[in-house]
There are 2 protein chains.
Amino acid sequence: MAEGLSAFDNICNRLRNHSYKLTPQRQTILRTFLQHVDVHLSAEDVYMLVKHQYPEIGLATVYRTLDILADIGVLQKNDFGDGRSRYEFTRTDEHHHHHLICLRCGSVSEFDDDLLESLETIITKKTGFEVHDHDLKFYGHCQSCQKELS
Amino acid sequence: MAEGLSAFDNICNRLRNHSYKLTPQRQTILRTFLQHVDVHLSAEDVYMLVKHQYPEIGLATVYRTLDILADIGVLQKNDFGDGRSRYEFTRTDEHHHHHLICLRCGSVSEFDDDLLESLETIITKKTGFEVHDHDLKFYGHCQSCQKELS
DNA sequence: AAGGAATTTGCAAACCATTCTCATTGGCAT
DNA sequence: ATGCCAATGAGAATGGTTTGCAAATTCCTT
């Protein structure tokens with residue numbers, strides 16, 4: 001990680017390194033994302049947020065930019081089963097995290113855990129399948145929904 | 001499990017018990033599924049297969065029947081990230097199994113493992129999230145694709 | 001600073017799996 | 001056998017996402 005560079009500048013450089021042009025639309029989308037690191041935004045969410053600062057922006061541009069950011073590893077595209085893709089910043093540390101999806105309100109929280117690294121090794125040894133990545137989701141009820149249901 | 005009943009008859013009874021009518025379309029779809037227990041069929045796949053024996057069948061009926069079979073627990077609906085739902089018979093034994101999805105050819109194989117039951121308990125204790133179910137997918141390269149890539 | 005090639009943008013139309021509408025058909029309890 | 005209500009088939013509708021295209025823009029070159 002370069003010294004003295006903000007996360008924003010850092011990602012802009014990564015875009016340039018991949019010979020993507022640095023348009024104001026892309027910068028605005030990126031800035032918007034940096035202001036919402038904790039939530040899992042959909043393309044539509046991003047579109048709505050960005051439209052405040054950049055009313056002329058098109059939905060297709062948002063989709064294309066999210067694709068690019070996922071392509072260069074800045075964002076991770078997630079499917080929580082609600083019919084739309086949701087994006088979050090790729091974790092820089094080693095820790096894998098899993099998603100806890102509430103079946104009632106749809107909220108998504110996270111859980112850190114390394115357990116699956118060893119399982120990947122076991123799978124490769126037993127089956128010969130070469131594991132590159134995994135995706136683990138838990139479905140159930142979040143605490144506030146549990147209260148409302150009781 | 002009732003004695004002397006085929007899997008087919010058994011599921012027909014389950015349909016009746018849930019007060020679903022036993023139409024020839026549903027029987028044909030079910031029979032088709034029983035002939036392909038090893039693969040993960042999509043609705044379109046089932047439609048094509050069933051159309052041979054039952055040319056008048058509509059795609060919507062296939063979708064509706066698969067929904068019902070998933071609803072009464074006969075089938076399990078899976079999302080392997082290829083933009084369509086895929087169905088497989090629900091395992092009758094206790095073992096959970098996970099899916100190994102090849103990023104190159106799209107083939108899906110399976111891996112049995114119980115490890116996550118204990119993780120579910122840990123999550124509930126640590127976060128208060130009440131886990132009902134989980135979904136674990138591994139992405140990578142299957143053995144035959146590894147050979148072709150080397 | 002200006003030129004110019006190649007990207008990128010916004011818009012609308014296209015896509016595609018899935019769901020819905022609705023008139024018709026057919027299962028099954030009585 | 002009769003009738004109620006669920007189930008069917010056809011096509012239209014839906015909704016997230018992608019694409020085609022002409023105009024605008026980035027940014028490298030001079």
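Numbered from 1 within each chain, the chains take letters A, B, ... in sequence-line order.
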Enquirer: Between D:dC27 atom C1' and A:Leu15 atom CG, what is the distance in whole Å?
Expert: 15 Å
Enquirer: Look at the side chain of B:Asp67 and decide which nucleotide, out of C:dT19, C:dA6, C:dT18, has an atom nearest to it.
Expert: C:dT19
Enquirer: Assuming nearest nucleotide by heavy-atom distance, tell me which of B:Lys21 and B:Pro55 is located more 5' along DNA chain D.
Expert: B:Lys21
Enquirer: Please state how far atom CG in A:Asp71 lies from atom C1' in D:dT18, giving the value in whole angstrom units.
Expert: 16 Å
Enquirer: Taking only N and O in the side chain of A:Tyr63, is any of them less than 4.0 Å away from OP1 or OP2 of D:dT17?
Expert: yes
Enquirer: In whole angstroms, how far is the C1' atom of D:dT18 from the CG atom of A:Leu66?
Expert: 13 Å
Enquirer: For B:Glu56, which contact category applies under a 4.0 Å heavy-atom criterion: base, sugar-phosphate, or nothing?
Expert: sugar-phosphate
Enquirer: Nearest nucleotide by nearest heavy atom, which residue falls closer to the 5' end of DNA chain C, B:Ala43 or A:Tyr20?
Expert: A:Tyr20
Enquirer: Just call it for B:Ser85: base, sugar-phosphate, or nothing, with non-hydrogen atoms closer than 4.0 Å on any strand.
Expert: sugar-phosphate
Enquirer: Tell me which nucleotide among D:dT8, D:dG11, C:dT18 gets nearest to the side chain of B:Arg84.
Expert: C:dT18
Enquirer: Just how far, in rounded Å, is P of D:dT8 from NZ of B:Lys51?
Expert: 14 Å
Enquirer: Can you tell me the distance, in whole Å, between the CD atom of B:Gln27 and the P atom of C:dG26?
Expert: 15 Å
Enquirer: Select one nucleotide: of C:dG26, D:dT8, C:dG10, the one nearest the side-chain heavy atoms of B:Arg26.
Expert: D:dT8
Enquirer: Between B:Arg64 and D:dG9, is there a contact of a side-chain N or O with OP1 or OP2 at under 4.0 Å?
Expert: no
Enquirer: Any ion pair linking A:Arg86 and A:Asp45 (charged N to carboxylate O, less than 4.0 Å)?
Expert: yes
Enquirer: Does the gap between the ring centers of B:Phe129 and A:Phe138 come in under 6.0 Å?
Expert: no
Enquirer: Given side chain to side chain donor-acceptor pair (under 3.5 Å), test B:Glu88 with B:His97 step by step and report yes or no.
Expert: CA-CA 12 Å; B:Glu88 67 183 335; B:His97 70 284; 3.3 Å; yes
Enquirer: B:Pro24 side chain: which of C:dT9, C:dG27, C:dC11 is closest?
Expert: C:dG27
Enquirer: Is there a donor-acceptor pair closer than 3.5 Å between any side-chain N or O of A:Thr124 and the backbone N or O of A:Glu130?
Expert: no
Enquirer: Round to the nearest Å and state the distance from B:Leu59 atom CG to C:dA17 atom C1'.
Expert: 9 Å
Enquirer: Taking only side-chain nitrogens and oxygens of A:Arg16, does any of them come within less than 4.0 Å of OP1 or OP2 of D:dT26?
Expert: no
Enquirer: Respond yes when some side-chain nitrogen or oxygen of B:Gln25 is under 4.0 Å from OP1 or OP2 of D:dG9, and no when none is.
Expert: yes
Enquirer: In whole angstroms, how far is the P atom of C:dT9 from the CD1 atom of A:Ile57?
Expert: 8 Å
Enquirer: Between A:Thr23 and C:dT8, does any side-chain N or O lie under 4.0 Å from OP1 or OP2?
Expert: no
Enquirer: Show which residues join A:Val108 in its hydrophobic cluster (side-chain heavy-atom contacts under 4.5 Å, direct or indirect), or state none.
Expert: A:Phe80, A:Ile101, A:Leu103, A:Tyr139
Enquirer: Is the distance between the ring centroids of B:His40 and B:His99 less than 6.0 Å?
Expert: yes
Enquirer: Could you give the CG-to-P distance, from A:Asn78 to D:dG16, as a whole number of Å?
Expert: 18 Å
